[in-house]
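Side chains are part of it too, since the values below use all heavy atoms of this structure and drop only hydrogens, waters and symmetry mates. In each ligand, atom 1 is the first atom listed, and ligand 1 is the first ligand listed.
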Amino acid sequence: MAKLLIAGGAGFIGSHTTLLLLEAGHQVVVLDNFSTSSPESLQRVAQLAGSSASARLCLVEGDIRDPGSLDQAFQTTSAPCDAVIHFAGLKAVAQSVHQPLLYWDVNVGGSQRLLAAMERHGCHTLVFSSSATVYGYPDRIPIPETAALQPINPYGHTKAAVEQMLADLASNEAGPAASGPSRWRIARLRYFNPVGAHASGRIGEDPLGPPDNLFPFVSQVAVGRRQRLKIFGADWPTPDGTGIRDYIHVMDLAEGHLAALEALWNEPPQLLTLNLGSGRGHSVLEVVQAFEAASGRPVPYDLLPRRAGDAAESVADPTEAHRRLGWRAQRDLATICSDGWHWQSLNPEGYGSGPA
Ligand code: NAD
Ligand code: UFG
């Protein structure tokens, strides 16, 4: 049993990963300020895990920018912390354009303080949530990890900056001035488009306010919470004219984190950089059709002009993650839609925490 600190563990990806870690027998301390999530997600994680596993779950309500909250999270039990998974941050592209300083403060400043706290508490194993957003407009499809990093919005710049901070940390520690090999074991995981929900339908994605992303919008239309989907662009150079993305089931993603932790623990200190995607692309219209089939509900839509900042296509080359972790996304689009619908239909208003 390892002791893990999960920053942002109440959020969409964090809650699913926390459940899997508890089921794998680990002790989990979640540090979250609930700025984009609800404590209800963790209550449901605890119920799903069962009473014996949930006894290994602890919550510290606090901000990763606050050294006192970080110290409290590291000291919650006397056992040393074996690893941190860092999900905490802000991820709305449009908001990042309007509030770049907030994004640099939370995503970059928060990460820097988290890393400083890891140093203070002698923990040098980290899994960081990066994003395919670091590739900007990709110059090839599928996108390998070696593709150029060219983010095109403040959110993407903050992810690339944290990736660089982690590389600096790892290479400085390993450099000629260091007394020995690097102590840092770091995985930078670049997620493609995380969607779907736990098969129980008890936890899932619950964005605050109108969703920016396709999947939650489609499912809120299907459940009757929103009238019509707006499809941004029907004139992309793709077979049906709509944008193509690599949708990955959130439980596949959670399993990728466990596999990354195992690799970091079992191999010498290293800086791992991996795409977590399925390697399969689906268009917006394919998603709409698959969701209609899974839900039995219509998803009416209007075709609008392209959205600023969108790329025609984004699909991962997931070969390296399979080679290094033995991990592969298992769940297809039909499963993603049926699990997503199960969550949305059981919880039409999500956790009931945010404005409609
Ligand atoms: P989310 O908003 O559901 O979860 C983020 C969690 O972090 C929330 O629980 C929030 O309350 C918490 N948080 C935010 N700021 C905090 C702070 N200062 N201190 C403590 N807690 C804080 O988002 P998610 O979809 O679960 O994303 C998790 C991570 O994965 C993020 O870093 C995001 O940038 C990254 N990511 C997400 C996607 C995606 O499409 N969902 C894609 C690529 C990368
Ligand atoms: N789309 C619509 N209507 C909507 C929302 C989206 O047609 O209401 C289209 C988009 O134009 C795009 C596709 O659906 O073609 C997917 O859009 P999302 O907003 O769901 O996802 P993105 O690929 O644009 O971006 C998301 C996150 C980024 C992250 C990226 C890769 O918002 O932060 O996935 O992880 F970087």
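- Using a 4.5 Å cut-off between side-chain heavy atoms of Ile, Leu, Val, Met, Phe, Trp and Tyr, with links allowed through other members, Leu346 and Tyr351 fall into different hydrophobic clusters.
- Nearest protein neighbour of atom 34 (O) of ligand 2, counting heavy atoms only, is Asn193 ND2, 3.3 Å.
- The protein non-hydrogen atom at the shortest distance from atom 13 (C) of ligand 2 is Tyr247 OH, 3.8 Å.
- Atom numbering of ligand 2 starts at 1 in the shown order; those under 4.0 Å from a heavy atom of Thr133 are 36 (F).
- Contact annotation: for Val284 versus ligand 2, heavy atoms closer than 4.0 Å belong to the side chain alone.
- Aromatic pair His86/Phe128: ring centres closer than 6.0 Å.
- A continuous path of Ile, Leu, Val, Met, Phe, Trp and Tyr side chains, each step under 4.5 Å between heavy atoms, connects Val84 with Met165, placing both in one hydrophobic cluster.
- Distances from ligand 2 to the non-hydrogen atoms of Ser314 include no value under 4.0 Å.
- Here the shortest heavy-atom distance to atom 4 (C) of ligand 2, taken over Tyr155, Trp236, Phe232, Phe217, belongs to Phe232.
- Around ligand 1, the residues contributing at least one heavy atom under 4.0 Å from the ligand are Gly8, Ala10, Gly11, Phe12, Ile13, Asp32, Asn33, Phe34, Ser35, Thr36, Ser37, Gly62, Asp63, Ile64, Arg65, Phe87, Ala88, Gly89, Lys91, Val106, Ser129, Ser130, Ser131, Tyr155, Lys159, Tyr191, Phe192, Pro194.
- Close approach of ligand 2 to Ser131 (heavy-atom distance below 4.0 Å) involves ligand atoms 29 (C), 31 (C), 35 (O), 36 (F).
- In this structure, Arg306 satisfies the cation-pi test against Trp236, with its NZ or CZ atom closer than 6.0 Å to the six-membered ring centre and inside 45 degrees of the ring normal.
- The contact set between ligand 2 and Ile231, taken as ligand atoms under 4.0 Å from a residue heavy atom, comprises 7 (O).
- Below 3.5 Å of separation, one finds an N or O of Phe192 facing an N or O of ligand 2.
- With a 4.0 Å cut-off on non-hydrogen atoms, Phe215 does not touch ligand 2 at all.
- At least one donor-acceptor pair under 3.5 Å links the side chain of Asp252 to the backbone N or O of Arg331.
- In this structure, Phe87 has its ring center at least 6.0 angstrom away from the ring center of His16.
- Among all non-hydrogen protein atoms, the one lying nearest atom 20 (O) of ligand 2 is Leu214 N, 2.8 Å.
- Its side chain within the 4.5 Å cluster rule, Leu149 clusters with Val134, Tyr135, Ile141, Ile143, Phe192, Ile244, Val315 among the Ile, Leu, Val, Met, Phe, Trp and Tyr residues.
- If you look at Val93 next to ligand 2, the close heavy atoms, those under 4.0 Å, all belong to the side chain.
- The Gly243 neighbourhood of ligand 2 comprises atoms 15 (O), with distances under 4.0 Å to a heavy atom of that residue.
- When heavy-atom distances to ligand 2 are checked against a 4.0 Å cut-off, Lys230 comes that close only through its backbone atoms N, CA, C and O.
- Residue-ligand proximity, Asp212 to ligand 2, at heavy-atom distances under 4.0 Å covers atoms 5 (C), 19 (O).
- Aromatic ring centres of Phe215 and Phe291 lie closer together than 6.0 Å.
- For atom 12 (C) of ligand 2, the closest non-hydrogen atom on the protein side is Arg245 NH2, 3.6 Å.
- Heavy atoms of Tyr135 stay at 4.0 angstrom or farther from ligand 2.
- Among protein heavy atoms, the minimum distance from atom 11 (O) of ligand 2 is reached at Asp310 OD2, 2.5 Å.
- If you check which protein heavy atom lies closest to atom 32 (O) of ligand 2, you get Asn213 ND2, 2.8 Å.
- For the side chain to side chain donor-acceptor pair (under 3.5 Å) with Gln220, the qualifying choice from Gln344, Glu349, Arg226 is Arg226, the only one to do so.
- Linking Ile, Leu, Val, Met, Phe, Trp and Tyr residues whenever their side-chain heavy atoms come within less than 4.5 Å places Val30 and Val250 in a single cluster.
- Of all atoms in ligand 2, listed by their number and element, those nearer than 4.0 Å to a heavy atom of Arg307 are 5 (C), 6 (C), 10 (C), 17 (O), 18 (P), 19 (O), 24 (O).
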